[in-house]
Protein chains: 2
Amino acid sequence: MSYERNGCPIRFGLGILGDKWSLLIIRDLMFKGRRYYGEFLSAGEGISTNILADRLARLEDADIIHKTPDPAHGKKIVYCLTEKGLDLMPIMFSIMDWAEKYDDQTEVPREFIKELRNQPKSLRRKILASLK
Amino acid sequence: MSYERNGCPIRFGLGILGDKWSLLIIRDLMFKGRRYYGEFLSAGEGISTNILADRLARLEDADIIHKTPDPAHGKKIVYCLTEKGLDLMPIMFSIMDWAEKYDDQTEVPREFIKELRNQPKSLRRKILASLK
DNA sequence: AGATATCCTTGTTTTTTGCAAGTACGGGAG
DNA sequence: CTCCCGTACTTGCAAAAAACAAGGATATCT
């Protein structure tokens with residue numbers, strides 16, 4: 001599905017947010033410190049290699065992520081979130097907030113949720129710092 | 001895809017948030033005042049009848065929406081968001097906030113975005129009131 | 001020089017989605 | 001009372017997407 005612009009903000013976000021594999025990739029980049037193709041592949045979610053390659057390409061096309069060759073490994077590629085991608089953080093925070101309320105088996109640390117709710121800007125700065 | 005619980009909040013939300021048709025149905029219920037099967041069908045998004053029926057069933061199974069027969073029309077069914085579904089509002093607000101920044105063709109009124117950013121609780125109350 | 005790692009691509013199968021037609025039933029019109 | 005329309009779907013089939021398994025190109029390591 002291509003990005004169809006008809007002015008609706010929810011529909012605008014669908015190409016990324018309405019796709020489970022894209023959400024998981026963004027999660028891994030944003031919160032799990034995963035940056036390489038192999039790390040996404042072995043994240044335990046069961047994604048197929050052709051789908052992973054496809055989603056990475058789409059996210060790059062949408063300027064959500066950016067890829068660069070790893071200087072230390074000529075064959076490796078490092079993926080990172082762009083500013084547009086990092087600006088998805090409030091959405092991810094909201095999802096975590098909602099899930100903490102409705103998932104009785106959630107494993108997010110209480111301190112994380114507390115900070116997420118009370119000081120989201122501070123939490124955001126910490127996460128941004130850890131991604132540098 | 002069934003709801004697989006492994007403690008991750010993003011993954012927990014995937015069955016709903018990682019599905020474009022579910023997001024659009026929630027949007028229509030939450031912000032567009034659409035409550036009937038026929039209204040979702042003719043929202044202009046191109047959904048097929050079997051997919052709409054399937055997604056409504058899934059959202060009901062997940063306790064996101066609730067359906068009741070329309071007292072005024074014996075054959076009509078009214079769909080509405082449950083408390084769990086209404087609690088998705090901050091997520092939808094975040095998506096709109098993000099889209100307003102990155103969609104140069106967004107049609108969300110400026111006043112809506114302003115209130116969304118400055119007084120989300122007030123906006124939430126207004127929307128809840130309009131859904132009663 | 002050969003083996004391994006890395007990031008994919010390719011071909012095929014399976015699953016999901018979209019399309020078109022049809023169904024069951026309640027209510028309204030005549 | 002009967003017929004027709006509206007409503008919410010279901011069904012069968014075709015098309016598209018996803019999943020599976022194997023393989024390829026290339027850089028790095030031993």
Side-chain angles (χ1 to χ4, degrees), chain A residues 1-4 11 14-29 32-62 64-81, chain B residues 1-4 6 11 14-26 28-29 32-62 64-81:
Chain A
M1 182 195 66
S2 66
Y3 288 83
E4 286 176 55
R11 149 167 284 294
L14 282 185
I16 300 151
L17 299 161
D19 176 67
K20 82 173 230 182
W21 296 119
S22 298
L23 273 175
L24 289 173
I25 292 168
I26 293 165
R27 173 203 69 181
D28 288 354
L29 278 162
K32 303 282 189 177
R34 292 176 182 137
R35 309 172 4 127
Y36 300 104
Y37 179 101
E39 292 179 326
F40 303 128
L41 194 59
S42 54
E45 303 290 356
I47 193 170
S48 300
T49 54
N50 52 324
I51 300 302
L52 178 52
D54 175 77
R55 294 307 192 272
L56 289 171
R58 288 196 209 178
L59 287 168
E60 194 184 0
D61 283 346
I64 297 296
I65 66 176
H66 180 63
K67 76 180 186 184
T68 52
D70 188 327
H73 290 84
K75 201 51 164 61
K76 275 193 165 186
I77 293 179
V78 183
Y79 291 93
C80 61
L81 288 160
Chain B
M1 182 194 67
S2 67
Y3 288 84
E4 288 176 53
N6 67 355
R11 151 167 280 294
L14 282 185
I16 299 152
L17 299 162
D19 176 67
K20 81 175 232 181
W21 295 119
S22 298
L23 274 175
L24 289 172
I25 291 167
I26 292 165
D28 287 356
L29 278 162
K32 304 282 190 176
R34 292 176 182 135
R35 307 169 11 122
Y36 301 103
Y37 178 100
E39 293 179 324
F40 302 129
L41 194 59
S42 53
E45 302 288 357
I47 193 169
S48 300
T49 55
N50 53 326
I51 300 302
L52 178 53
D54 174 76
R55 294 307 191 271
L56 288 171
R58 288 197 209 176
L59 287 169
E60 194 184 1
D61 284 347
I64 299 295
I65 67 175
H66 180 64
K67 74 180 186 184
T68 53
D70 188 326
H73 291 85
K75 205 44 165 65
K76 275 195 166 185
I77 292 179
V78 183
Y79 291 94
C80 61
L81 288 161

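Any value given below was found using the heavy atoms of this structure, including those in side chains, with hydrogens, waters and symmetry copies removed. Throughout, protein chains are lettered first and strands after them, A, B, ... in sequence-line order, and every chain is numbered starting at 1.
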Nearest-nucleotide comparison on DNA chain C, the residue closer to the 5′ end among A/E39 and B/G46: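 With A/E39 and B/G46 compared, the 5'-side residue is A/E39.
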
Could you check which of D/dA18, D/dT7, C/dC7 has an atom nearest any side-chain atom of B/K76? D/dT7

Nearest listed nucleotide, side chain of A/K67, among D/dA19, C/dT17, C/dC8: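 Nearest to the side chain of A/K67 among the choices is C/dC8.
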
Using atom [atom1] of [X] as one end and atom [atom2] of [N] as the other, report the distance to the nearest whole Å.
X	N	atom1	atom2	answer
B/I47	C/dG18	CD1	P	8 Å
A/I51	C/dT16	CD1	P	13 Å
B/L56	C/dT17	CG	P	14 Å
B/D54	C/dT15	CG	P	16 Å
B/D19	C/dT17	CG	C1'	11 Å
B/K20	D/dA16	NZ	C1'	13 Å
A/R34	C/dC7	CZ	P	14 Å
B/R55	D/dA8	CZ	P	19 Å

Of all residues at least two apart in sequence or in a different chain, which pass the salt bridge (Lys or Arg N to Asp or Glu O under 4.0 Å) check with [X]?
X	value
B/D70	none
A/R34	A/D28
A/D61	none

Presence of A/W21 side-chain N/O under 4.0 Å of D/dA19 phosphate oxygens OP1/OP2: yes

Tell me whether the OP1 or OP2 atom of D/dC9 has a side-chain N or O from B/Y79 closer than 4.0 Å. yes

Could you list, one pair per line, each protein nitrogen or oxygen that sits under 3.5 Å from a nitrogen or oxygen of nucleotides 12-14 of chain D, together with the distance?
none

Taking the nucleotide of DNA chain D with the nearest heavy atom to each, does B/Y36 or A/S48 sit closer to the 5' end?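 Here B/Y36 is the residue nearer the 5' end.
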
Which residues share a side-chain contact (heavy atoms from CB on, under 4.5 Å) with A/S42, sequence neighbours left out: none

For A/D19, give me all partners under side-chain contact (heavy atoms from CB on, under 4.5 Å), at least two apart in sequence or on another chain.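 Expected list: A/W21, A/S22, A/R55.
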
Would you give me the side-chain donor-acceptor pairs under 3.5 Å for residues 72-79 of chain A, sequence neighbours excluded?
none

For a quick check, with a 4.0 angstrom heavy-atom cut-off, what is the B/S/- contact string for nucleotides 22-30 of chain D, read 5' to 3'? B--BBSS--

Could you tell me if the side chain of B/L17 sits less than 4.5 Å from the side chain of B/I26, heavy atoms only? no

Applying the side-chain contact (heavy atoms from CB on, under 4.5 Å) criterion to A/F40, which one of A/L24, A/L52, A/I47 satisfies it? A/L52

Sugar-phosphate, base or nothing in reach of A/F40, heavy atoms under 4.0 Å: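 Nothing, no heavy atom under 4.0 Å.
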
What's A/I77 touching, base or sugar-phosphate or nothing? Going by heavy atoms closer than 4.0 Å.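 Sugar-phosphate, backbone atoms only, no base.
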
By side-chain hydrogen bond (donor to acceptor under 3.5 Å, both in side chains) - contacts of B/D54 (at least two apart):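 In terms of side-chain hydrogen bond (donor to acceptor under 3.5 Å, both in side chains), with neighbours along the sequence ignored, B/D54 is linked to B/R58.
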
Heavy-atom donor-acceptor pair, A/Y37 side chain to A/T49 backbone, under 3.5 Å: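 Indeed, once roles are kept as given, a pair shorter than 3.5 Å links the two residues.
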
